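These notes are about the structure you will find just below.
A quick note: this is a predicted structure, and the numbers were derived from the prediction, not measured. Just so it is clear, the values below take in all heavy atoms, side chains as well, and ignore hydrogens, waters and symmetry mates.
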Amino acid sequence: MTAEAPTAPTVPYGQLVPVAVHFDDLDALGLLHNARYPLLVERAWTELWNARGVRFDGDWAAAGDACNAVRELVIGYEAPVTRPGTYAVHLWLERLGTTALTYGFRLCSADGATTYARGTRVLVRLDADTLRPAPWSEGFRQAGRELLRPAG
């Protein structure tokens, strides 16, 4: 008889990305500092897109779809994170436009069952020379469609 490897938690749409909360992420009350939530989301989002070949390596002209800026960030805190450990960020796309996208996120338990915070963020793809909105590449759009939350 052999032991089966544990299966990764699944979500009905989007993807769960593991993140670590460290002791020094906690505030004086022993709670995850409010500014750390968006940081954990950013790290998860970066990891997700790096795995799909979208990354910034220091050259804005070569960055392509990684040349983008945050237009809006909305976050609501639902329950405190009270200890270091492994958690997850559930990421998905709410909207994928020509030059902008809106993604949703939840900072949650590693299995996705408990939500600590949720929100949305709007990103705008930029032309590296003009810093004006520019269209996402077709490759990016294809990868993004896989992350779209089903309507309804």
Is the closest side-chain heavy-atom distance between [X] and [Y] below 4.5 Å?
X	Y	value
C108	L16	yes
V41	R121	no
T102	L93	no
L40	V21	yes
L48	V54	no
L91	Q15	no
L126	N68	no
T98	W136	no

Partner set under side chain to side chain donor-acceptor pair (under 3.5 Å) for R125, not counting sequence neighbours: D65
Over 12 foreign heavy atoms within 6.0 Å of CZ, R71: no
Y77 and Y37 aromatic ring geometry - parallel, tilted or perpendicular at 30°/60° bounds: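 Perpendicular.
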Trace of the ring pair (Phe, Tyr, Trp, His ring centres under 6.0 Å) decision for Y103 with W45: CA-CA 10 Å; Y103 75 79; W45 189 244; 4.0 Å; yes
Test side-chain contact (heavy atoms from CB on, under 4.5 Å) applied to F105 and L73, step by step: CA-CA 11 Å; F105 63 86; L73 172 66; 4.1 Å; yes
Contact summary for S109 and A88, nearest pair of heavy atoms: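 It is O-CB, 3.7 Å.
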For residues 139-148, please give each side-chain donor-acceptor pair under 3.5 Å, one per line with the distance, not counting sequence neighbours.
residue	atom	partner	partner atom	Å
R141	NH1	G97	O	2.7
R145	NH2	E138	OE2	2.6

